Amino acid sequence: MSVLFGIIFMLLVQSSIAERTRDKMYQAITGASCFRRLNATHQTGCSSPFSGSVGVLHLISTAVDIDFLVNKPPAPPYAPVIPPHLFTRDNILRIKNDAAKYVSAIILINKIDKLIDFSHELKCPNPFSGLISEQTCDPSKQETTWNPYGTGLLHEDFPFPIYYVADNKEIQKIIDCFEKFNNFDVKNQKHRSLCSIQVNSFMSAAVNSEVCIRRTGVFNNLTPTKFCDPLQGRNIYTTLFPRPIVDPVNRVVDESEKIILVSARLDTTSFFDGIGLGAMDSLVSFATLISVAHLLATLIPDRNAGQKNVLFMLFNGESYDYIGSQRFVYDLQKKDFPTKSTSTNILTLENIEFMIDIGPLDDLNNLKIYYAKEFPYEKSFKSAIDEYNAKFTLGLNITEQQSLNLPPTSAQSFLRENISFPVVIVTSNSPKNKFYHSIYDDGTNIGFKYQNTSQDFTKLDTFGAESPFEANSTQIKIRNTATGLAFALYYLVTREVYQKDQIASSVLIDEFLYCFLESADCPLFKAASPPNSLPGLSGPPLRYISVAGGSQEAAGWTLRLLGYLVGSKVQNAVKKNCTEPPLHWIAGFNGTGECRLTKSNYSSAYSPAFSIEGYDWQSGKYSTWTESTWFPMSARIFLQPSKTHEASIRRVVWNLPFKFTHNNASSLLKLAKKTVTKKMKGRRFKIYQLKTNKSTTLIFFNTL
Amino acid sequence: MDITKVPNERKLELCRTYFRAGFAFLPFAWAINVVWFFNEAFNKPPYEEQKQIRRYVLFSALGAAVWLVVLIAWITIFQTYRAQWGEVADRMSFIIPLGKP
């Protein structure tokens, strides 16, 4: 027994020693890496070499510090450590173009004290998927752009990794190490050990989507390799009223079925893997749509004859050339929407009588309604909002504009098929988001403070009643905008004027924003899930579209939310009678369980480019974005031996068969007397004789 | 196998076998033949089979050299133009390098 313990003890000691040696050399730095995406013509993003990039840490505090990197620095390659306010197009492209020889990685640290704006999306997002011939968004004319703060770096290709370190402790590790070993006597850096970072973020794909998809499909050897995956996800939709159930094999297009489509964007994106909440760029409009749907579903629980149906739709992948809406339009044209399994009639573009697309709502008080061509609905829509704006003192300032320079939203996918498509885009008067598609578009950016009221979020607000929220809080502003839109829709659906005093729920908006900005383990998600199901993760759900096999958590939660908030409650139902879809047994606000007749479902957000046989990649018709596959991404700092030391180690290895090397022999050589130079085995040696009191040693020194 | 301990007829037989095997797209067999029998062919006192061995060694050397030249030329061309050839080169490749054009 004791022997066994002895062996186990020794094994433990051994493994812990091995652990310690590595830990003494390296300190892991947690963070997020930039990665490679590809489209039909280009590769964008970053990659490290296969074995990672190693660079000497160098803190950039002002733009002038970049001069150091450009002008032949003493111990290249370097890894500049840059705060976000210096992560500008000029600085980064200067490093990429002028210092690429000397730079092996860029480390972005989360020091936001001087940060004013940070958006790496293009000034005119999705430039090639909108109304290409008519688009007048011009990056050189600030007033025509939709993302005036955009640097476009998201669409550049970097030959080195860019690594974002968010945590303050990790940043301190980097800065301390830099100060201790690197930040003195900079000129002689190459003569001493330097604090360096190794970043691993090797990307498999290259060139463009066509090449990487083709290579993934080539099976020349026994282990097929995947180079890249198409960006794909799911759109989520729900109808206000249930659509008639038909025999799945006898589905037809019912031309008399007219619907109003209300859409918003589900996804967002950023430079770095797994970070980016997209609060202002898309979550506010998402919240508005949810609010509108909930208010309408509560006010009009049953459909009267002749009332139009409303289709609420959240498009996924819109950040990447409108993947979701392009696919939806394609499905409508191919008569593939909704899927057979829904047992409802097929819809086509002609069934959509009117579409309201909720674009970015940077400024919730000043709205603008854009449309491409005049059509009757547009006028009545605007006047209906105006009417309720006055009635409920919503504080909205609404203008309208006919233009072909339209915001980069889902409507573009419909308009490029038919410029007269009856769609309006509701968006803020002018783009104000300084952090569009970035890691800093978070709750702070929209001034969100979670109130945690614990009130029933399915209850509507009453106009004029006391509210737990301040009048200019985000929750109230979204509530007011949603109320205006919802009552305009109410009028279009019922053709009646709403007489009572119930408006959208601000508590619902509070809870919704909390779930998507702070934690998926939240009361609203719990209520929308089956009782006693697993809680959401402690972080907010990832809303980047991602690839097949990605988590798709945002889509999953949204489906549940729409089922809960728009689905109609089945009174006096018991659990065992509520198992067949579309009936769902969910927890509800008080967690006791309730039966909902849901009308929500998924639709595909997978670009037709990847499913059309022999698609012409150069046609620019559909989104072609793919994401490279990669090996585990990581970063660690360590003390790199000096360049001169490294050179001498190389010499040791080279001369290993011989006893001494120039460096460590040199002190002895001073004492010794050179005797002879001799040729041995084809190599020349200088032979030194070292005499001490006790012995005489001959030193063979390889002269090559 | 120690070639010096083998009777001369056997040497010739071996050398001929290796020479013939080389025609099955096996340039290495030729190369081995050359290395193996070079001394026998050129550095040994003359004996009856030596002349034939010498011929096989010479032609093996020639064959191996032609192969070497052709292979080097092809590898150089392929590596230089692989990215440019696109799909054709991808289909030719047994292993496509990761992260490169």
Side-chain angles (χ1 to χ4, degrees), chain A residues 33-38 40-53 104 157-161 199-229 614-618 626-633, chain B residues 1-4 21-44 57 60-61 63-101:
Chain A
S33 184
C34 153
F35 54 96
R36 185 173 283 169
R37 290 188 197 95
L38 309 98
T41 50
H42 288 82
Q43 62 179 40
T44 70
C46 333
S47 173
S48 75
F50 185 76
S51 51
S53 299
S104 61
D157 180 37
F158 296 97
F160 44 71
V199 182
N200 282 302
S201 68
F202 178 66
M203 299 290 147
S204 306
V207 190
N208 57 38
S209 290
E210 182 185 359
V211 169
C212 73
I213 291 280
R214 181 182 73 217
R215 288 180 176 176
T216 303
V218 171
F219 296 111
N220 285 353
N221 64 23
L222 297 176
T223 48
T225 315
K226 202 179 224 186
F227 290 82
C228 63
D229 299 288
Y615 174 74
D616 175 12
W617 294 89
Q618 304 306 316
T626 55
E627 190 182 286
S628 170
T629 57
W630 62 67
F631 292 77
M633 302 198 280
Chain B
M1 189 196 284
D2 190 351
I3 202 76
T4 51
F23 283 103
F25 304 102
L26 294 169
F28 273 111
W30 281 337
I32 289 167
N33 205 16
V34 172
V35 172
W36 207 9
F37 288 98
F38 191 84
N39 271 339
E40 286 296 329
F42 297 103
N43 293 343
K44 282 280 160 72
V57 168
S60 292
V66 169
W67 263 97
L68 190 71
V69 170
V70 170
L71 279 179
I72 288 176
W74 168 246
I75 289 166
T76 313
I77 291 170
F78 184 72
Q79 292 301 333
T80 317
Y81 292 102
R82 190 184 54 81
Q84 211 174 310
W85 288 347
E87 185 169 3
V88 179
D90 283 351
R91 299 219 173 272
M92 280 180 187
S93 303
F94 188 65
I95 292 167
I96 300 170
L98 300 178
K100 289 198 180 104

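Throughout, a chain's letter reflects where its sequence line sits, starting with A, and its residues are numbered from 1. Since we're looking at a predicted model, the values are computed, not measured.
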(message) Quick check on A/Ser204 against chain B: is it the side chain, the backbone, both or neither that has a heavy atom closer than 4.5 Å?
(response) both

More than 12 heavy atoms from other groups under 6.0 Å of [atom1] on [X]:
X	atom1	value
B/Phe78	CZ	yes
B/Lys44	NZ	yes
B/Tyr81	OH	no

(message) Checking side chain to side chain contact (heavy atoms under 4.5 Å, CB included) between A/Thr225 and each of B/Ile95, B/Ile96, B/Leu98, which is the one that passes?
(response) B/Leu98

(message) Please output the residues of residues 207-216 of chain A in contact with chain B, using a heavy-atom cutoff of under 4.5 Å, in numerical order.
(response) A/Val207, A/Arg214, A/Arg215

(message) Looking at every non-hydrogen atom in both residues, tell me the closest pair between B/Gly99 and A/Ala206 and how far apart they are.
(response) C-CB, 3.8 Å

